[in-house]
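Take a look at the structure set out below.
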2 protein chains.
Amino acid sequence: MPTSTVENYLRRLYLELRGRADPLLPLGRLARAMGVVPGTATAMVKALADAGLVQYEPRGGVGLTARGEQLALHVVRRHRLVELFLVQVLGLDWSVVDAEAEDLEHAVSERVLERIDALLGRPKVDPHGDPIPTSRGQIEEPRRISLADCPPGRSQRIAQVLDQDAAFLSFVQRQGLAPGAIVTVVRRQNAADAVSVRVGQQAPVALGLSAAAKVLVEPASAPRHLTSPRRHSERRDSRSHTLPRKRRPFPAVS
Amino acid sequence: MPTSTVENYLRRLYLELRGRADPLLPLGRLARAMGVVPGTATAMVKALADAGLVQYEPRGGVGLTARGEQLALHVVRRHRLVELFLVQVLGLDWSVVDAEAEDLEHAVSERVLERIDALLGRPKVDPHGDPIPTSRGQIEEPRRISLADCPPGRSQRIAQVLDQDAAFLSFVQRQGLAPGAIVTVVRRQNAADAVSVRVGQQAPVALGLSAAAKVLVEPASAPRHLTSPRRHSERRDSRSHTLPRKRRPFPAVS
DNA sequence: ATTCTTATTTTGATCCATCAAAATACAGTG
DNA sequence: CACTGTATTTTGATGGATCAAAATAAGAAT
């Protein structure tokens, strides 16, 4: 029965640790990511270490223990399933579901989560293309390349977007770069720190390398089903798409 | 930004207050209902009074102010919409949704709640037949009679069940006494403190008066649409009903 | 090596929600 | 009216999560 604060620290830690070499995160990073002053993070991390959930090297940093990672993965699972649910069932916008799921992830019981998982058809990835851990806490992080270091000329499918910032996600969506989209890198302009990307028949879009690095792709020839979420609508002001007209999830009782 | 504890106290207070004459609830009642020791309730109620949410008469009891009631009604709305959602969309059992909604009601944002409300078709009542307040905090509590004081012989429709206890609800459901069911009181046996109720063609069921008082009915001739929720399945072990086979709440994007 | 800079930890305090147990008020009842 | 039993309030303490600000450690720069 970890508190929701504990769950938040563990999830954050897991997320910050992802994709960096060092298995120890400096406390300051964690504090900033959690939006607390450094001293708070120190205190919390000590408590987590006492509980055997993290490994703490004073002045060195903090990492997850096996138990901590397990717990983190369960929280991540809840978070991502809730996100996908919010998009697919309730029709919320991509760019806001991370914030919404932040609260909901702690209120969803195992029972409810199981129903959500079933309703969504045991999905493998969330709306951002991030993999959803299994109910036993296993996750498979495909190694992917980003638009920043993707060979020009080949057709690629957007698979994953690594930033949850609402403004960034809205931008990505407006450019048609959401997961599932097929794109081609036209060329890299190293001098300008940018890449040109063509999506569909539009004129190419210029993306700074730091932005491009957050958009991961896979060869367009790769099988799609396991990696890309079903897509949501792009007509963001239209309400109609969010509300299936007749929902009869149940047979009525006689 | 009231804390979820505050929301809980206000909702509980609202619930305990409704259906009793005195507009002031003794602190002990509130404490028991909240599952805390009396002193805790006293402390909390003082804080709520300072915040202008309740009216507190030391040694007299506690009531809701207008503002407190407004807040309470918004919490009740969240709670009941979530309950209905859990039953109709996720297929959870009637008897457990109250407990599940207890946590979720504090995590659901306005935005999500609006989607849920729309998805359910702006329902008027929750799975127990309790009315759902409007988004502006208005509620209409129909005055109804219970099976305990219902004239024998006339056909009645179950409209509302006033107890959230899982065991009681399971019992009610097993007897086919859930909202929407059509029943007839066969006779009252005052000596036995019981009533006999016939549902469908079954043999009559005997109900103690205290249980019967928790089951509210309306004449079977009354219009149904506003008062009875769509029913959920009674086949509790079957899973199939919970998972609509093909959910396409969205048009896929081109 | 001494000093400066920056990250981290420590210390002391606060807020919220709770409990245990002692003190107090109130309502009967003899 | 005094007495007793019950409900309520007070008091003092605790645990969790946080902040502000002072102390300290470690690296970098001179």
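Order of the sequence lines fixes the chain letters, A, B, ..., with proteins taken first and strands second; residue numbering starts at 1 for each chain. Values below: every heavy atom of this structure, side chains too, minus hydrogens, waters and symmetry copies.
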I want to check one thing: is the phosphate of D/dT18, taken as OP1 and OP2, less than 4.0 Å away from some side-chain N or O of A/Tyr9?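 True: A/Tyr9 side-chain N/O within range (under 4.0 Å) of D/dT18 OP1/OP2.
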Between A/Lys46 and C/dT10, does any side-chain N or O lie under 4.0 Å from OP1 or OP2?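 Result: yes.
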Picking from [options], which would you name as closest to the side chain of [X]?
| X | options | answer |
| --- | --- | --- |
| B/Tyr56 | D/dT9, D/dT18, C/dT9 | D/dT9 |
| B/Thr42 | D/dT8, C/dT9, C/dA17 | D/dT8 |
| B/Thr3 | C/dT10, C/dA17, C/dT9 | C/dA17 |

Over how many whole Å does the gap from [X] atom [atom1] to [N] atom [atom2] extend?
| X | N | atom1 | atom2 | answer |
| --- | --- | --- | --- | --- |
| A/Leu53 | D/dG16 | CG | P | 13 Å |
| A/Leu25 | C/dT8 | CG | P | 9 Å |
| A/Leu27 | D/dT18 | CG | P | 14 Å |
| B/Met44 | C/dT18 | CE | P | 7 Å |

Check B/Lys124, B/Arg80, B/Arg77 against B/Asp117 for a salt bridge (Lys or Arg N to Asp or Glu O under 4.0 Å) and give me the one that passes.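 Testing each of B/Lys124, B/Arg80, B/Arg77 against B/Asp117, the sole residue satisfying salt bridge (Lys or Arg N to Asp or Glu O under 4.0 Å) is B/Arg77.
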Using a heavy-atom cut-off of 4.0 Å across all strands, would you classify A/Thr5 as base, sugar-phosphate, or nothing?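 Sugar-phosphate: the residue A/Thr5, judged by heavy atoms under 4.0 Å, touches backbone atoms but no base.
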Ignoring hydrogens and angles, state whether a donor on the side chain of B/Gln164 or B/His128 is under 3.5 Å from an acceptor on the partner side chain.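 Present: a donor and an acceptor within the cut-off.
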Any N/O pairs under 3.5 Å between the protein and nucleotides 20-26 of chain C? List them or say none.
none

Of all residues at least two apart in sequence or in a different chain, which pass the side chain to side chain donor-acceptor pair (under 3.5 Å) check with B/Arg59?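 Testing B/Arg59 for side chain to side chain donor-acceptor pair (under 3.5 Å), a comparison that skips the adjacent residues, returns none.
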Please find out if less than 6.0 Å separates the ring center of B/Tyr9 from that of B/Tyr56.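 No - the distance between ring centres of B/Tyr9 and B/Tyr56 does not fall below the 6.0 Å cut-off.
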